[in-house]
Amino acid sequence: MKAKFSKLVAGCLSLTMAFGAFSIAPFSASAAEVSPTIIGDVDGDGYVTIHDATLLQYYLAELADINDAQKFVADVDDDGYVTIHDATMIQYYLAELVDGFKKQPVPQTEYTYVVAGTQNLTAYNWVASAKTGNVMSKNNDGTYSLTFTDVMASDDEMQFKIAAIPVEGGDIVWYGADGKSANYAFRHTMDGDITISFDPKTKQLSASGNGVELITSLKINSITAVGAGLSPWLNGISWDPSAAANHMTEVESGVYRIEFNDIKEEMNYELKFAANDSWDNNWGIPAGVSYTPGEWADAVFNADNIRFEVEDDLVKAVVTLDLRNFDYNTKQGARFCVDLIPAN
């Protein structure tokens, strides 16, 4: 039986490769643009056809690229690999020699998309809930949008993210300007409507309307060291981005520093950096990433708290934030270091 199956596989493969050589149209969409969800639908057009088998053969012959989503649906035998066997099984399915595939589609989570952001835009201060009424509507092309009407002009930044709230319950997924953590920031120079748009496929979001001006650079008036204050650490002030006592000194252009003496041995010190006495623009570290004092590390825009341990008593903590290479458009390039200097 196994030998017979191998012969059939070889026959189907040679036939399809010959068929594909003269009948398949060029693959026009780039792999990055394709997000298929149907098992066997490698090209992402919504159907399982001979084109999918041929595209898979092209990929295996290194004549075409496919992305991770395409590889997932291409692995129809669910063995964890994309092989010629998967292409053959697609051919068998089209020839009605098999009823279906071993791999089954992953259930798709249904989300409610909510705009959460600053109060001057959303009327709430970063509330991710459908109860705010800031729920986006689905458009015919699969994108979502929400128009805020008669929004007053503001000298302050307007910022937002998209909160994807699972309909059946679960953790909220956030999407920002970079598709992840960075807030989308703009200014609104005249009264009028503002439309927020979001594409779940590309994770791209935008704001449009008369008077909407994107912010491409960050003007810094102050940098504050913020965290769980435990005197003398952060002067005993907890989570206040406007605390003047914790304003950092600009020791050279783009480099900010603050020192705290006689820091006590303690577990779980926490720290972030906030610009201009507000949480709107802040830096931390990715969730779950640990920080070792004395090392330079990337300061990630609008990320999680920086956590570290102090193992000696009465040390000096020298905290430095380097923004010389920070690019507001990409939200990357910031660095920080916490030096712990033992007492003499």
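In this structure, V212 shares a hydrophobic cluster with Y111, Y113, V115, L121, M136, Y144, L146, F148, V151, M158, F160, I162, V173, Y175, Y184, F186, I194, I196, F198, L205, L214, the cluster being traced through Ile, Leu, Val, Met, Phe, Trp and Tyr side chains under 4.5 angstrom apart. The hydrophobic cluster around Y47 extends to none of the other residues, as no ILVMFWY side-chain heavy atom falls under 4.5 Å of it. Cluster partners of V318 are I341, counting Ile, Leu, Val, Met, Phe, Trp and Tyr whose side-chain heavy atoms approach within less than 4.5 Å, directly or via other members. In the hydrophobic clustering, I172 connects to V114, V135, I165, W174, either directly or through intervening members, whenever side-chain heavy atoms lie under 4.5 Å apart.
Under the side chain to side chain donor-acceptor pair (under 3.5 Å) criterion, N276 pairs with no residue, sequence neighbours left out. Taking the side chain to side chain donor-acceptor pair (under 3.5 Å) definition, one finds that S278 meets it with D280, sequence neighbours left out. The side chain to side chain donor-acceptor pair (under 3.5 Å) test applied to D141 returns T143, not counting sequence neighbours. Residues that satisfy the side chain to side chain donor-acceptor pair (under 3.5 Å) test with D191, not counting sequence neighbours, are absent from this structure. Under the ring-ring contact (aromatic ring centres under 6.0 Å, His included) criterion, F260 pairs with W233, not counting sequence neighbours. By the side chain to side chain contact (heavy atoms under 4.5 Å, CB included) test, A244 is found to be paired with H247, residues two or more places apart in sequence or in another chain being considered.
For G294 against D339, the heavy-atom pair with the smallest separation is CA-OD1, 3.4 Å. Across every non-hydrogen atom of V226 and D240, the tightest pair is CG1-N, 3.5 Å. Summarising the geometry of N282 relative to A274, their closest heavy-atom pair is CB-CA, 4.1 Å, with the distance given to 0.1 Å.
Judged by distance alone, the side chain of Y291 and the main-chain N or O of E295 form a donor-acceptor pair under 3.5 Å. Here the side chain of D86 pairs a donor or acceptor atom with the backbone of D77 at under 3.5 angstrom. Between the T132 side chain and the N134 main chain, a donor and an acceptor come within less than 3.5 Å of each other.
For residues 242-263, every residue pair satisfying the salt bridge (Lys or Arg N to Asp or Glu O under 4.0 Å) rule, not counting sequence neighbours, is listed here: E252-R324, E259-K316. For residues 207-219, no residue pair satisfies the side chain to side chain donor-acceptor pair (under 3.5 Å) rule, not counting sequence neighbours.
Cluster membership check: F72 shares its hydrophobic cluster with I38, using side-chain heavy-atom separations under 4.5 Å among Ile, Leu, Val, Met, Phe, Trp and Tyr.
If you take CD on E110 and OG1 on T112, they are separated by 6.5 Å, rounding to the nearest 0.5 Å.
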